[in-house]
Amino acid sequence: GIVYRMTRGNTELGDITPHNIKQLKLLNQVVFPVTYNDKFYKDVLEVGELAKLAYFNDIVVGAVCCRVDTSDQQRRLYIMTLGCLAPYRRLGIGTSMVEHVLKICEEDNNFDNVFLHVQINNDGAIRFYEKFGFEIVEEKKNYYKRIEPADAYVLQKSFRKKDKCETKDQNGENCSKPLCPFTINTLNILFMCK
């Protein structure tokens with residue numbers, strides 16, 4: 001048969017509402033090997049700009065869903081899901097969704113980092129996120145239930161707080177400003193890796 005390659009099209013992100021939440025459910029069932037419960041979808045309706053459907057030429061082909069995470073004395077953005085239907089990959093749709101998330105972080109200017117979990121064998125996803133400055137910071141054993149491999153990497157992109165992380169003043173002298181959470185967490189990660 002003839003294979004049609006989609007190259008041109010209009011990508012838009014749209015709000016998730018009670019009217020289209022079923023499309024998100026169907027999309028997630030097709031794209032992800034894990035099942036999300038009703039609470040996930042209920043929460044998605046409450047997060048506003050943190051959850052979007054991706055349209056390619058007015059067809060729903062992808063979605064991104066995030067939430068604010070305040071564990072570990074940090075304010076982080078957690079990407080719960082970000083996915084696109086297979087025939088529509090490599091058209092910039094995933095990039096649009098990641099850029100939307102990073103723009104939220106930039107405009108908010110109060111997130112320590114943005115992070116997500118990726119199955120350890122998902123090389124394509126790992127490479128994709130690395131292009132945006134995400135790094136593997138941790139491996140979680142048996143993170144996933146009922147899928148193989150069950151282990152996940154935590155991929156994270158950190159944001160330096162410009163006002164708090166300055167360690168030298170204008171004269172190049174070390175000043176006594178406290179380390180911000182980003183610096184402290186980076187040190188913890190470095191010590192854990194050794």
Side-chain angles (χ1 to χ4, degrees), residues 1-36 40-41 43-69 76-137 143-144 147 149 152-160:
I2 300 168
V3 176
Y4 292 99
R5 179 89 178 98
M6 286 168 288
T7 51
R8 287 223 303 259
N10 182 24
T11 303
E12 289 177 347
L13 299 183
D15 294 340
I16 296 172
T17 69
H19 300 291
N20 61 24
I21 191 92
K22 280 201 172 83
Q23 288 186 283
L24 175 66
K25 281 186 186 180
L26 281 170
L27 185 95
N28 284 352
Q29 283 166 11
V30 173
V31 172
F32 300 110
V34 291
T35 308
Y36 295 92
F40 172 91
Y41 293 103
D43 292 348
V44 159
L45 288 171
E46 309 290 317
V47 296
E49 288 295 299
L50 297 181
K52 290 285 187 187
L53 286 174
Y55 295 86
F56 184 79
N57 294 342
D58 301 324
I59 303 164
V60 173
V61 297
V64 56
C65 301
C66 306
R67 65 176 162 78
V68 177
D69 178 293
R76 313 166 76 195
L77 192 63
Y78 178 53
I79 301 174
M80 299 185 287
T81 62
L82 189 151
C84 181
L85 294 172
Y88 296 90
R89 289 181 192 153
R90 311 195 78 85
L91 296 174
I93 297 159
T95 296
S96 305
M97 293 189 281
V98 174
E99 285 172 349
H100 173 74
V101 171
L102 295 179
K103 185 167 171 259
I104 287 171
C105 293
E106 193 183 311
E107 288 174 357
D108 180 284
N109 200 23
N110 213 6
F111 286 108
D112 294 297
N113 58 60
V114 55
F115 73 108
L116 67 146
H117 293 93
V118 172
Q119 236 177 326
I120 57 165
N121 66 340
N122 192 342
D123 296 332
I126 293 162
R127 280 197 306 273
F128 172 74
Y129 286 106
E130 284 176 343
K131 284 193 309 200
F132 297 96
F134 285 77
E135 297 171 313
I136 295 171
V137 294
Y143 176 77
Y144 296 105
I147 60 168
Y153 286 132
V154 177
L155 283 149
Q156 179 176 294
K157 179 181 173 80
S158 296
F159 308 109
R160 285 179 181 271

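Every value quoted in this text rests on a predicted model; they were computed, and no experiment measured them.
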Non-hydrogen atoms of I126 and Q119 that approach each other most closely | CD1-O, 4.2 Å

So, do L116 and M80 sit near enough that their side-chain heavy atoms are less than 4.5 Å apart?
-> no

Side chain to side chain contact (heavy atoms under 4.5 Å, CB included) filter on V31, not counting sequence neighbours, yields L27, L85, R89

When rounded to the nearest 0.5 angstrom, what is the spacing between CD1 in I79 and OH in Y129?
-> 5.0 Å

Determine, step by step, whether V98 and L82 satisfy the side chain to side chain contact (heavy atoms under 4.5 Å, CB included) criterion, reporting the C-alpha distance in whole Å, the side-chain angles of both residues, the deciding distance to 0.1 Å, and the verdict.
-> CA-CA 8 Å; V98 174; L82 189 151; 3.7 Å; yes

Taking all non-hydrogen atoms of both residues, which atom of A54 and which atom of M97 are closest, and how far apart?
-> CB-SD, 3.9 Å

Of all the heavy-atom pairs spanning N113 and S158, show the shortest one and how long it is.
-> CB-CA, 3.7 Å

Sequence neighbours left out, what pairs pass side-chain hydrogen bond (donor to acceptor under 3.5 Å, both in side chains) with at least one residue falling in residues 44-56?
-> D15-K52, E49-K52

Under a 4.5 Å cut-off applied to non-hydrogen side-chain atoms, are I21 and V44 in contact?
-> yes

Rounding to 0.5 Å, atoms CG (L77) and CZ (R67) come to a distance of 9.5 Å

Say you draw a straight line from CD of Q156 to CZ of F134; how long is it, rounded to the nearest 0.5 Å?
-> 9.0 Å

Stacked cation flag R76 on F115, 6.0 angstrom / 45 deg = yes

The reported gap from NE2 in H100 to OG1 in T95 (rounded to nearest 0.5 angstrom) is 14.5 Å

For side chain to side chain contact (heavy atoms under 4.5 Å, CB included), just list the numbers for V61 and I93, CA-CA rounded to whole Å, side-chain angles, deciding distance to a tenth of an Å, and then say yes or no.
-> CA-CA 8 Å; V61 297; I93 297 159; 3.7 Å; yes

In sequence, state the C-alpha distance, the side-chain angles, and the governing distance for F40 and C65, and then conclude on side chain to side chain contact (heavy atoms under 4.5 Å, CB included).
-> CA-CA 9 Å; F40 172 91; C65 301; 4.0 Å; yes

Distance in Å, D112 CG paired with N110 CG, rounded so as to fall on 0.5 Å steps = 7.5 Å

Are V101 and V64 side-chain neighbours, meaning at least one heavy-atom pair lies under 4.5 Å?
-> yes

Can you tell me which residue pairs pass the salt bridge (charged side-chain N to carboxylate O under 4.0 Å, His left out) test with a partner in residues 114-135, sequence neighbours excluded?
-> none

Among L102, V68, D69, side-chain contact (heavy atoms from CB on, under 4.5 Å) partner for F111 | V68

Is there a donor-acceptor contact under 3.5 Å linking the side chains of N28 and Y41?
-> yes

Q23 backbone acceptor or donor facing N20 side chain under 3.5 Å = no

Is the Y88-F56 ring centre distance short of 6.0 angstrom?
-> yes

Side chains of H117 and Y78: donor-acceptor distance under 3.5 Å anywhere?
-> yes

Compare every heavy atom of G9 with every heavy atom of N57, then report the nearest pair and how far apart it is.
-> OD1-CA, 3.4 Å

For P18 against L45, the heavy-atom pair lying closest together | N-CD2, 3.6 Å

Any chance you could measure K157, atom NZ, to C105, atom SG, to the nearest 0.5 Å?
-> 9.5 Å

Shortest non-hydrogen contact between Y144 and A152, atoms and distance | CE1-CB, 3.5 Å

Any salt bridge between K103 and E99, counting N to O under 4.0 Å?
-> no

